[in-house]
Amino acid sequence: MLPELGEDQLRELFQTMLVMRRFEEALITLAGEFDVGHFHVYIGQEATGAPALGLLEDGDFGFTTHRNHGHLLARGVDPARMMAEILGRETGTNQGKGGTLHLSSLEHGFPVTSAATGGCIPLATGAAFGFSKLGNRRVSVCLMGDGSLEEGAWHESVNIAALEKLPIIYLCENNSLEALGQRANEYPSSSMAASPLTGLAAVFGMPAVAIDGFDAGEVHDTMNIAIARARAGDGPTFIEARTVRWPGSRPLWPQLLTGELDLTIAWDETALPDEHVEWHRSQDGILRFTRELIEAGNLTPEQALEIDAGVKAQMKEAVQFALDSPYPPPEAALDHVYA
Ligand SMILES: Cc1ncc(C[n+]2csc(CCOP(=O)(O)OP(=O)(O)O)c2C)c(N)n1
Ligand SMILES: [Mg+2]
């Protein structure tokens, strides 16, 4: 379903999702030609991150994981500076010293990013504790994978959040729905005895809901309620956004196994490839959102392609900016090191 937003906002959301997708497609392509090192991509989860983070206001914080690129892009961080950061360049968001695993940008509400599984949980909870003490009506969003529920930090943090009624939303992106990865002996996500995962939050007495993470409208509406609750001082919410892992993220290194996103599949069944049919037909959240926008008369296929062409050109420039940027000088190695 479509989020309850005006036409301009719906199109903005569409463009944001395309920025998220085209950025990482460009990164995977670049990694084929250039040693980028290891990285993780958010491809396939855009319909969760874009509407959820689009609801935040200036001063609200997000704390993300090793799969952070899409989250920062959703809050408007410059793709060129992010690409430069991933390539370790001086012009990067963190002057080339954070890299893909620690992308952050305080001015966009991402003060620090931890790639330790579960690391985001105490960070986000601590920020919410600070907001609560300041009484400033700001909210903290913990963008966590299902795997982080295995960590002890989850249980300790959520207890404090519930006791103190902290202004926090635990947005758990569960991309483990299909056990395909495990079956094919690929990269596993989580192994939890608890089922459903929402039970791990409900036991602390907070609203805990499971939603379809491919459904931008459901994500938007659920987040909206959770944010209002947090701002009103009524405490935390746990949201499990359920998706499946993008086929290209099943091998250890991301690969464009489903090809680059072809938007025409959204309105032309004959464009549907023979492989990964299920993915293209019902799982790719961007294709689903495109279909919904067109069916509701908020976008034409021509407009969709035009927006996409602009985004692709922007990503080409981002890659070039990164490649043209210098590495930090050796003398800068100890700058910003506190010991
Ligand atoms: C403390 C810790 N243990 C192990 C790892 C290695 N590791 C990297 S990604 C990952 C899986 C995390 O699963 P999940 O939180 O569901 O995120 P997903 O990759 O599925 O988005 C693991 C175990 C890590 N980064 N930190
Ligand atoms: Mg996972």
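Values below: every heavy atom of this structure, side chains too, minus hydrogens, waters and symmetry copies. Here the structure is a predicted model, which means the values were calculated and not measured. Indexing begins at 1, ligand by ligand and atom by atom, following the structure's order.
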Measure centre to centre between the rings of H71 and F110, then say whether the value is under 6.0 Å. no

With side chains defined as the heavy atoms from C-beta onward, is the minimum distance between M82 and P79 less than 4.5 Å? no

Which bit of D146 is near ligand 1, meaning a heavy atom under 4.0 Å away: side chain, backbone, both or neither? both

Could you tell me whether the side chain of E173 reaches within less than 4.5 Å of the side chain of D146, counting heavy atoms only? no

Just jot down the ligand 1 atoms closer than 4.0 angstrom to any heavy atom of A116, in number order. 26 (N)

Is there a path of hydrophobic side-chain contacts, each under 4.5 Å between heavy atoms, that joins V158 and L149? yes

Between ligand 1 and R245, is the shortest N or O to N or O distance under 3.5 Å? yes

Distance alone, cut at 3.5 Å: any donor-acceptor contact between the side chains of N174 and T243? no

Heteroatoms of the protein, restricted to N/O/S, which lie under 2.8 Å from the Mg ion (ligand 2): D146 OD1, N175 OD1, S189 OG

For ligand 1, find out whether one of its N or O atoms is nearer than 3.5 Å to an N or O atom of E151. no

Who gets closest to atom 14 (P) of ligand 1 by heavy atom: G119, G147, S148, S249? G147

Indicate, with yes or no, if the rings of W154 and Y170 have centres closer together than 6.0 Å. yes

Which residue from T117, T243, N175 reaches closest to atom 23 (C) of ligand 1 through any of its heavy atoms? T117

Aromatic ring proximity F131/F61, centre distance under 6.0 Å: yes

For side-chain hydrogen bond (donor to acceptor under 3.5 Å, both in side chains), just list the numbers for H40 and S249, CA-CA rounded to whole Å, side-chain angles, deciding distance to a tenth of an Å, and then say yes or no. CA-CA 8 Å; H40 304 264; S249 280; over 6 Å; no

For ligand 1, indicate whether the residue H66 contacts it via side chain, backbone, both or neither (heavy-atom separation under 4.0 Å). side chain

Going by heavy atoms in the side chains, are T64 and L72 under 4.5 Å from each other? yes

Does S176 approach ligand 1 within less than 4.0 angstrom via side chain, backbone, both or neither, non-hydrogen atoms only? neither

For M144, which part has a heavy atom under 4.0 Å from ligand 1: side chain, backbone, both, or neither? neither

What donor-acceptor contacts under 3.5 angstrom involve side-chain atoms of residues 13-21, with partners at least two apart or in another chain?
unit_1: T16; atom_1: OG1; unit_2: E12; atom_2: O; d: 2.9
unit_1: R21; atom_1: NE; unit_2: E46; atom_2: OE2; d: 2.6
unit_1: R21; atom_1: NH1; unit_2: D284; atom_2: OD2; d: 2.9
unit_1: R21; atom_1: NH2; unit_2: E46; atom_2: OE1; d: 3.0
unit_1: R21; atom_1: NH2; unit_2: E46; atom_2: OE2; d: 3.4
unit_1: R21; atom_1: NH2; unit_2: D284; atom_2: OD1; d: 3.1

Heavy-atom nearest neighbour of atom 25 (N) of ligand 1 within options A115, S114, C172: A115

When you check the gap from the basic side-chain N to the acidic O, do R22 and D308 get nearer than 4.0 Å? yes

